[in-house]
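Since the structure comes first, as structure tokens, the remarks are kept for the end.
Residue numbers start at 1 and run along the sequence shown. Excluded from the calculations below are hydrogen atoms, water molecules and symmetry mates; all remaining heavy atoms, backbone and side chain alike, are included.
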Amino acid sequence: MEIGIKGSLEITVSEDNSAKTMGSGALDVLATPAMIALMEKTAWTSVQPQLEDGQGTVGISMNITHDAPTPLGMKVRCETELTAIDGRKLTFKVEAFDEKGRIGKGVHERFIIDSEKFQAKANKKLD
């Protein structure tokens, strides 16, 4: 894996990902949690093909701003770039844009894990 890997995904703002529906506000605009989820998905899917079988990544930090509202029906595109690799820690520049310009930006960190071991560790909490 090398620094510089880029990702891009697009969604359309709908009632399902609105602030009103997701409980992060009372308006019919893109919810901040939905924007963050799009940033995470764009980041992890961009590097997944570079990982070994059985590996995945999990989010460990997100430092973003949500700078502008996006109404229902408008498209939102997220772009990510892998900017640093420190052992198993991956750092991404993340940005989101609607049809009128940038609506959010920040830094997202993920950690490379063994998926089976990670799930087993989580499941032990049920014992």
Side-chain angles (χ1 to χ4, degrees):
M1 186 175 313
E2 294 183 9
I3 291 172
I5 294 172
K6 294 183 179 184
S8 181
L9 291 176
E10 185 176 279
I11 62 169
T12 300
V13 182
S14 68
E15 287 186 22
D16 291 342
N17 57 22
S18 71
K20 186 187 296 183
T21 299
M22 295 190 78
S24 65
L27 301 173
D28 287 322
V29 296
L30 179 69
T32 301
M35 183 183 74
I36 291 170
L38 178 62
M39 290 172 164
E40 281 204 277
K41 184 176 183 180
T42 308
W44 80 259
T45 58
S46 73
V47 297
Q48 188 65 36
Q50 304 295 317
L51 299 176
E52 295 177 17
D53 286 344
Q55 287 186 322
T57 63
V58 293
I60 59 171
S61 77
M62 180 69 81
N63 184 3
I64 62 105
T65 60
H66 192 171
D67 304 317
T70 305
L72 298 183
M74 192 171 270
K75 292 181 181 177
V76 172
R77 181 183 79 258
C78 179
E79 296 178 1
T80 62
E81 181 177 356
L82 181 60
T83 59
I85 302 170
D86 182 9
R88 296 191 298 157
K89 185 173 81 170
L90 308 175
T91 303
F92 298 85
K93 173 184 172 186
V94 294
E95 293 181 292
F97 303 86
D98 66 20
E99 296 168 40
K100 298 296 182 181
R102 188 169 67 193
I103 62 165
K105 65 184 183 306
V107 176
H108 175 43
E109 293 179 327
R110 299 188 69 77
F111 203 78
I112 299 171
I113 51 93
D114 176 289
S115 298
E116 195 172 296
K117 286 180 183 176
F118 190 88
Q119 188 65 58
K121 181 179 178 181
N123 291 347
K124 280 194 174 231
K125 290 184 172 186
L126 297 172
D127 294 342

What salt bridge (charged side-chain N to carboxylate O under 4.0 Å, His left out) pairs are there with at least one residue in residues 111-126, not counting sequence neighbours? none
Pairs involving residues 30-54, ordered by first then second residue, that meet salt bridge (charged side-chain N to carboxylate O under 4.0 Å, His left out) (sequence neighbours left out): Glu40-Arg110
Any heavy-atom pair between the side chains of Met1 and Leu51 that's under 4.5 Å? yes
Kindly determine whether Phe97 and Val76 satisfy side-chain contact (heavy atoms from CB on, under 4.5 Å), including the steps that lead there. CA-CA 6 Å; Phe97 303 86; Val76 172; over 6 Å; no
In short, Thr32 meets Ser24 closest at the heavy-atom pair N-OG, 4.1 Å
Only pairs under 3.5 Å count here: list side-chain donor-acceptor contacts from residues 82-94, not counting sequence neighbours, and write none if there are none.
unit_1: Thr83; atom_1: OG1; unit_2: Thr91; atom_2: O; d: 3.2
unit_1: Arg88; atom_1: NH1; unit_2: Ile112; atom_2: O; d: 3.2

Please confirm whether the backbone N or O of Ser61 pairs with a side-chain atom of His108, one donor and one acceptor, at under 3.5 Å? yes
Rounded distance (nearest 0.5 Å) linking atom CD of Glu79 with atom CG of Leu9: 10.5 Å
Can you tell me if Thr21 uses its side chain to pair, donor with acceptor, with the backbone of Ser18 under 3.5 Å? no
In the hydrophobic clustering (ILVMFWY, side-chain contacts below 4.5 Å, transitive), which residues join Val29, or is it alone? Leu27
Show every side-chain hydrogen bond (donor to acceptor under 3.5 Å, both in side chains) that has at least one partner inside residues 2-17, sequence neighbours left out. none
Starting at CH2 of Trp44, measure out to OG1 of Thr80 and round the result to the nearest 0.5 Å. 12.0 Å
Output every pair passing salt bridge (charged side-chain N to carboxylate O under 4.0 Å, His left out) with a member in residues 96-105, not counting sequence neighbours, ordered by first then second residue. Asp67-Lys105, Glu95-Arg102
Interatomic distance, Cys78 atom SG to Leu38 atom CG [nearest 0.5 angstrom]: 4.5 Å
If you measure from CG on Leu72 to CG on Leu30, what distance do you get to the nearest 0.5 Å? 9.5 Å
Taking C-beta and beyond as the side chain, do Ile113 and Thr57 meet within less than 4.5 Å on heavy atoms? no
Linking I/L/V/M/F/W/Y whenever any side-chain heavy atoms sit under 4.5 Å apart, do Ile64 and Val107 land together? no
